[in-house]
Amino acid sequence: MEAIDIKSREGEIHHGDYEQMEHHHESFLTKYIFSTDHKTISKQFLISGIFWALIGGSLSIVFRLQLGFPDLNLQWLQPVLGGWITETGKLDTEFYLAMVTMHGTIMVFFVLTAGLSGTFSNFLIPLQIGARDMASGFLNMLSYWFFFASSVVMLTSLFIETGPASGGWVIYPPLSALPQAMSGSGLGMTLWLVSMALFIISSLLGSINYITTVINLRTEGLSMTRVPLTIWAFFLTAVIGVLAFPVLFSAALLLIFDRSFGTSFFLSEIYIAGEALPNVGGSAILFQHLFWFLGHPEVYIVLLPALGITSEIIATNSRKPIFGYRAMIGSLLGITILSFVVWAHHMFITGMSPFLGTIFMFLTLIIAVPSAVKVFNYLTTLWKGNIIFTPAMLFSIGLVSFFISGGITGIYLGNTAIDIQLHDTYFIVAHFHIVMGSASFFGMVAGIYHWFPKMFGRMMDAKLGYIHFWVSFVGVYMVFFPMHYIGMAGFPRRYYSFTNFDAFSGFTDMNMMISTAAIITFGAQLLFVFNFFYSIFKGRKATANPWGSNTLEWTAPIKPGHGNWPGKIPLVYRWPYDYSKPGAKEDFIPQNVPFSQTPESNLPHEKDPEETPGDEGAIVLDEAKE
Amino acid sequence: MFNILLILGAILLIVILLVVFRVHTLVNVMRGSDKGKIGTSNKVNAFLFLVFLLGGFGLFFWYSYTHFDYYTLPVASEHGVLTDNLFWVTTAICGFVFIVTNFLLFYFPFRYQYKEGNKATFYPDNSKLELIWTIVPAIVLSILIFYGWKVWSDITDVAPEEAEVVEIMGYQFAWKTRYPGKDKSLGNYDFRLIDAENLFGMDFRDKASFDDFSPREVHLPKGKPVLFKIRARDVLHSVFAPHFRLKMDAVPGMPTRFWFVPTKSTQDMRDELGNPEFNYEIACTEICGRGHFSMRLVVVVDEPEEYDKWYNEQEPWLSKNPHYLAKVPNNLKELALLKAGLDKMPR
Ligand code: HEM
Ligand SMILES: [Cu+2]
Ligand SMILES: [Cu+2]
């Protein structure tokens, strides 16, 4: 069989030998900085992601202060924000927009794309498919360092005098193209574009690697219908990334041309700052099509890994197989494909042809079907389980709740006629923060709690985890649920203040409550950060398989070295969800246990593959190498 | 104000104390295996899900019911009634799903929490069940799609011939409106003709421009179709009239439109709400720069007779800015004077 051939060749190429790899001499620099080990790279992504999450979160606290307590004197922020605080202790209105923009950019790209995929695709793909490392350790290292460079540029832009990019995370031109339109569209916007270009390169390098690794380096016996759902999710996320990010790259490139070289891709008939610009013939809407062609898939780039992670965690901690494994794969595939044909639902009222609007309404609402299937399958997995509430499990249940609540408001927004009123109001803010922001964030946190023992060989403190969960879960709902009401009342998003309008003069107490809840929720994340760093050094020592899990990573040593498994790579005989199998001695049977060892629990069709001569050859070859 | 800060401070303090406490216990924790028994925390967490379920739904129902008039805006346009209905039908369906699924999601963890000696049920799939819950959502969504499609195509259909045309232009950071004047025909414009006074870039080589007027206040007739011709001069803006359920982006270089029928005059609305100060407003909902949050435009809806009276009293832009007569081609000068009503004035 072809698949097996690849495996045996892989054995040769990689000299799949753990011991040998350990003997390489590694300096501090190659071990921790320019490492090509997927585990180290994953931790680099994780810690960068946490750093960015704290920055992005702090920004939101500052502008929530403005929204909740508009009369507050912010003079005390002057040492940090300098000129952005006016003499009267108010936030500068343009800086408000800059913070909103940077918050969005940071959260979507730097935390939930790099921080989530970068961490878990890197960490789990080789470990769960039984590979020594990524297909290309070098590209993987490059991927992190491009991300690092991108981070440096983005961070720098926060400190320049004219301020960072301020036109919203969607950077619609002409606003983003014309420095005379707002000061953030000057150097800040240039840095944003440079940073994003680097980011896209990083993301592509990563994704190509993930795809190659999943396709080629699965251990023997691990067919695509036996891999954990995490792997499916990471794989499809990478596919989406490879197809979607280049389009953003081209949009950014054309925008750079418009900004710096006088082209008119997106600009037409503009009179600004007392002069008519020469540009004619461009289309501002074109940019939006290009942007959302990435932008909508992007929301799945951040959400799919989280869904994969929770599938794994919910099955493990319910002590039950994930319900409808194949339907879960099917819905992941459905979402992946559909995510490419719904982008214009962000543009229903841009003046786009109403007929196009109709088409995109159809496609958008269809995507709710696979999403609904996923929810029902999660629920059935919990049903009649024997549920253990690890912090990871709590966060996974939280994710499912957000996925429901936020997905449901998507059905409103996908309906063009309803979207007329709700578009660009706080209803949107509520929708995407719940379904994309909070859901993915919870998935990421769940993943950290769950795989921390494998990453650092120690446990995070569970009690702190419980507090963290309950404050965050209640907090997120207190922050974002009320925004639905504010949105129904018509409050537009990206507003510095609402006092100019009679229609938007209410809800001051509600806004105050939201800001307070946001501050408390943010405070709870500090608990997490403390728990995280403390446990790296001082946490209780972990056992090899602390959650009683079936997947391959738990068969590796507590702290896997370079090459992941000493000796041979484990072979896979079964799917990853044999939890609480009737007749079995334990309530879990890891994937590397052959059916021949579990005659008491085998289902009628389950037996080990007949050893063919070809197979045998491959195994002998491996042994000979040792 | 200050109280809230105090409360915040207090909460932060509690959090810090908690941390200190946990640090203390953590330090005392014996190093060793973590494979302990599932303890009381599991029960507590399971119970908390139930508390969350009841508390969350309680708050949700209470607020949604008692504050209904507060968070729903009265509607004042014909199509707005349709979109509102669609909204509430969607809410009925989605609300039901929301309640059932969230109920199960929090009830199951409580009901099936870990119990010593219990074993989970091995239940990997059930094709019939899965088929059902693929098809049922598909059908329900199709209903919503077709309903929505119907409403949407009515709204976006071409405006009736007799619609009152109002041009509305966004710029940093205000709106400006232009009416076609007595000839009911808007003149051409060109962005290259814009200057400090001629904000619209009105082209006075076109005779339709001569009687166009740009009022201080926007008036609309009640019960008649109105067509907004929307454009932007510098960056994107978006016309949002919440009470009319109307929103449409203003795009430089690409005029857009939205037509609707106002159904309540400003006075009607004042009576309905018992608020003599009430005014219809237009806001901007596309980020456009530092003044984005301040692009307010007041709209007055009049009874049709009042509207006609107001319309006929408006002075053409040209008559207020007579030096622009210089831009009018010589062969049209007479007509311009006539249409702008300048012929009666001493020059
Ligand atoms: C049930 C499935 C979903 C539907 C039907 C849906 C529909 C929509 C629609 C129509 C909009 C545009 C609203 C507007 O015109 O302003 C929107 C906005 C948004 N959605 Fe979703 N969505 C769904 C799921 C998701 C998911 C899973 C995510 C994230 C992972 C997500 C993230 C976002 C974001 C970030 C925006 C904001 C775009 C902006 O900046 O205005 N949505 N959604
Ligand atoms: Cu989308
Ligand atoms: Cu604006």
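Predicted model only: the values in this text are computed from it and were never measured. Here is the naming used below: chain letters follow the sequence lines, and residue numbers restart at 1 for every chain.
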Using non-hydrogen atoms and a 4.5 Å limit, figure out which bit of B/N126 sits close to chain A: side chain, backbone, both or neither.
both
Under 4.5 Å to a heavy atom of chain A? For B/C288 that would be backbone
Geometric class of the A/F491/A/F507 ring pair [parallel <30°, tilted 30-60°, perpendicular >60°]:
perpendicular
Chain A heavy atoms under 4.5 Å from B/F258: which part of the residue, side chain, backbone, both or neither?
side chain
Give the ring-plane orientation class for B/Y123 versus A/W383, where under 30° counts as parallel, over 60° as perpendicular and anything between as tilted.
perpendicular
Parallel, tilted or perpendicular, as decided by the 30° and 60° cut-offs, for the rings of B/F122 and A/W575
perpendicular
Any idea how A/F469 and B/F49 line up, ring-wise: parallel (<30°), tilted (30 to 60°), or perpendicular (>60°)?
tilted
Quick test of your reading of the model: are B/D84 and B/R245 salt-bridged, counting only N-O distances below 4.0 Å?
yes
Let's test your reading of the structure: which of B/N102, B/V151, B/T83 forms the most heavy-atom pairs below 4.5 Å with chain A?
B/N102
Residue among B/E286, B/R192, B/H67 with most heavy-atom pairs under 4.5 Å to chain A:
B/E286
Is B/A250 in contact with chain A via its backbone, its side chain, both, or neither, using a 4.5 Å heavy-atom distance?
neither
How would you list all residue pairs meeting salt bridge (Lys or Arg N to Asp or Glu O under 4.0 Å) that involve residues 133-150 of chain B, not counting sequence neighbours?
B/K150-B/D154
Checked A/V373, A/D502, A/I272 vs chain B; the most non-hydrogen pairs under 4.5 Å come from A/D502
Does any backbone or side-chain atom of B/L246 lie under 4.5 Å from a heavy atom of chain A? Answer side chain, backbone, both or neither.
backbone
With only heavy atoms counted, which part of B/F87 is less than 4.5 Å from chain A, the side chain, the backbone, both or neither?
both
Where on B/V251 is there a heavy atom nearer than 4.5 Å to chain A: the side chain, the backbone, both, or neither?
side chain
So what's closer than 4.5 Å to chain A heavy atoms on B/I282: side chain, backbone, both or neither?
backbone
Tell me, out of B/L82, B/I93, B/T91, who's got the most heavy-atom pairs with chain A below 4.5 Å.
B/T91
Proximal component of B/Q113, with respect to chain A [non-hydrogen, under 4.5 Å]:
both
Heavy-atom proximity to chain A below 4.5 Å, by part of B/F60
both
In terms of relative ring orientation, are B/F293 and A/Y496 parallel, tilted or perpendicular, with 30° and 60° separating the classes?
tilted
Counting heavy-atom pairs under 4.5 angstrom with chain A, the leader among B/L144, B/I230, B/T72 is B/L144
When the ring planes of A/Y485 and B/Y63 are compared, do they come out parallel, tilted or perpendicular, using 30° and 60° as the limits?
tilted
Would you mind checking which part of B/M254 comes under 4.5 Å of any heavy atom in chain A, side chain (CB onward), backbone (N, CA, C, O), both or neither?
side chain
Students often mix this up, so state it plainly: with edges at 30° and 60°, are the rings of B/F110 and B/Y107 parallel, tilted or perpendicular?
tilted
